[in-house]
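All residue numbers refer to positions in the sequence shown, counting from 1. What you are looking at is a predicted structure, and each value in this text was computed from that prediction instead of being measured. We use all heavy atoms of the structure for the numbers below, so side chains are in, but hydrogens, waters and symmetry mates are not. Atoms within a ligand are numbered from 1 in the order they appear, just like the ligands themselves.
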Amino acid sequence: MGSHDAEISILVTDDGEISGLNKTYLGRTGPTNVIAFPMREGAFTNISPDLLGDVVISADTAAREAEAAGISIEERFTELLVHGILHLLGYDHERSESDEKEMEKKAQDVLRLLKGARGRQKSPVIQRQKQHQTDSAGAYKMAKLAVNVDHIATIRQARGVDYPDPVAAAVMAQLAGADGIVAHLREDRRHIQDKDVVRLRETAHRFILEMAATPEMEKIAVRIKPDLVTLVPEKRRELTTEGGLNLLRKKPGVFDTVSKLRGKGIEVSMFIDPDPLQVKKALEIGATAVEIHTGAFCDAPSPKKRQRELDRVREAAEVAHGLGLTVNAGHGLCYNTIQAMTTIKEIDEFSIGHSIVSRAALVGMDRAVRDMLCLIRGH
Ligand code: PXP
């Protein structure tokens with residue numbers, strides 16, 4: 001590599017920690033595959049000339065990229081390590097095209113030496129990072145988390161007592177960093193009650209009311225003025241909201257509700273399946289946002305089907321974002337499924353309830369929210 005014997009430090013970490021380093025030291029959001037921190041730059045040049053610096057590799061991203069490229073994780077790890085070390089030695093593909101070519105050639109030479117065989121045609125390290133930069137410069141920003149407190153009320157209603165209080169849960173979720181609080185006031189009042197939405201409105205910095213498009217709910221929304229109303233379909237017998245609104249079927253009720261709420265200055269979102277036609281219809285009806293149903297993705301029975309559902313959500317999110325709608329997503333998301341969703345940069349906010357409340361029952365609301373935020377934001 002053209003260097004005398006020198007020392008480097010290698011940190012193999014996860015997406016969460018590398019996102020934190022990106023944010024703290026590079027002002028970037030989200031995880032990357034590798035970061036290099038050279039010690040022989042600027043003020044540090046002569047302090048310890050034998051110390052090249054640090055290479056940080058995210059094992060999570062390396063594993064994902066290995067799978068996508070059809071290579072072993074060891075092979076991907078080696079590519080990333082070589083890439084990082086070359087940065088420590090002063091190579092920089094971001095400086096110019098000729099620098100990129102030079103770094104690429106050097107990486108291939110080193111990999112060929114290491115493998116004793118032909119290196120791969122083009123190291124995907126650079127391709128990946130380019131894609132990431134484009135995202136960073138464009139729509140890539142940290143998604144928000146809105147915590148749904150319905151199931152705190154479910155526990156309360158199970159005994160008909162006055163605890164646990166969804167408002168207390170909302171306060172704790174906010175203190176832990178949640179960006180918004182969501183509650184679904186159902187026609188049957190199975191969990192959240194009328195007085196809850198009034199108190200939640202007073203307490204939450206940002207309150208999102210989920211409701212069916214009925215005259216009764218419209219009146220409540222107009223009275224309490226949530227920051228956002230998400231219109232959802234509601235069936236009495238369902239365990240939870242089963243599917244998105246079908247806006248392609250003529251539903252004058254939805255249209256009326258949207259225009260009344262918008263007339264009162266309330267933002268309206270539509271909970272829809274990941275379908276570009278539904279997205280376009282939501283815009284036509286007057287919504288300012290859509291919430292894309294992630295349930296099919298979360299429940300997909302095989303990796304192939306899950307990937308297909310993720311692609312559907314991505315496509316719908318891209319269409320919605322392209323039309324100028326705010327894009328939210330939710331339903332069924334948990335600590336295992338959220339990270340795949342965070343790769344969809346168009347999503348502005350995740351609405352998550354059951355998994356957070358379930359975890360909160362065991363480890364506390366503060367920890368449950370922070371754990372979820374860590375997976376969404378990487379810190
Ligand atoms: N978004 C909508 C529109 C919902 O109806 C629900 C469930 O109340 C959620 C998100 C949250 O889903 P979960 O409780 O599965 O996280």
Go through ligand 1 atom by atom and flag the ones less than 4.0 Å from a non-hydrogen atom of [X].
X	result
V232	3 (C)
F271	3 (C)
N148	8 (O)

Distance-only polar pair, side chains of [X] and [Y], donor-acceptor under 3.5 Å:
X	Y	value
T343	R314	yes
T257	E218	yes
H331	E291	no

Taking only residues two or more places apart in sequence or in another chain, which ones pass ring-ring contact (aromatic ring centres under 6.0 Å, His included) with Y91?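 With neighbours one apart ignored, the set is empty.
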
R156 NZ/CZ over Y163 ring centroid, <6.0 Å and within 45° of normal: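 Not satisfied by the 6.0 Å and 45° rule.
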
N/O of E210 under 3.5 Å from N/O of ligand 1, yes or no?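 Yes, there is a polar N/O contact under 3.5 Å.
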
Residue and atom name of the nearest protein heavy atom (relative to [atom]), distance in Å to one decimal:
atom	result
atom 15 (O) of ligand 1	G332 N, 2.8 Å
atom 14 (O) of ligand 1	H354 N, 2.8 Å
atom 1 (N) of ligand 1	E291 OE2, 2.4 Å
atom 5 (O) of ligand 1	T241 OG1, 2.9 Å
atom 7 (C) of ligand 1	H331 CD2, 3.7 Å
atom 16 (O) of ligand 1	G353 N, 2.8 Å

In the structure I gave you, are the side-chain heavy atoms of D348 and N328 within less than 4.5 Å of one another anywhere?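 Yes, side chains in contact.
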
What part of D150, side chain, backbone, both or neither, has a heavy atom within less than 4.0 angstrom of ligand 1?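 The answer is the side chain.
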
What part of H293, side chain from CB on, backbone N/CA/C/O, both or neither, has a heavy atom under 4.0 Å from ligand 1?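 Neither; nothing of H293 gets under 4.0 Å from ligand 1.
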
Apart from F271 itself, residues in the same hydrophobic cluster as defined by side-chain heavy atoms under 4.5 Å: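 Grouped by the 4.5 Å side-chain rule, V232 form the rest of the cluster around F271.
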
Residues K105 and D109 bridged, charged N to O under 4.0 Å: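 A salt bridge is present here (some side-chain N lies under 4.0 Å from a carboxylate O).
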
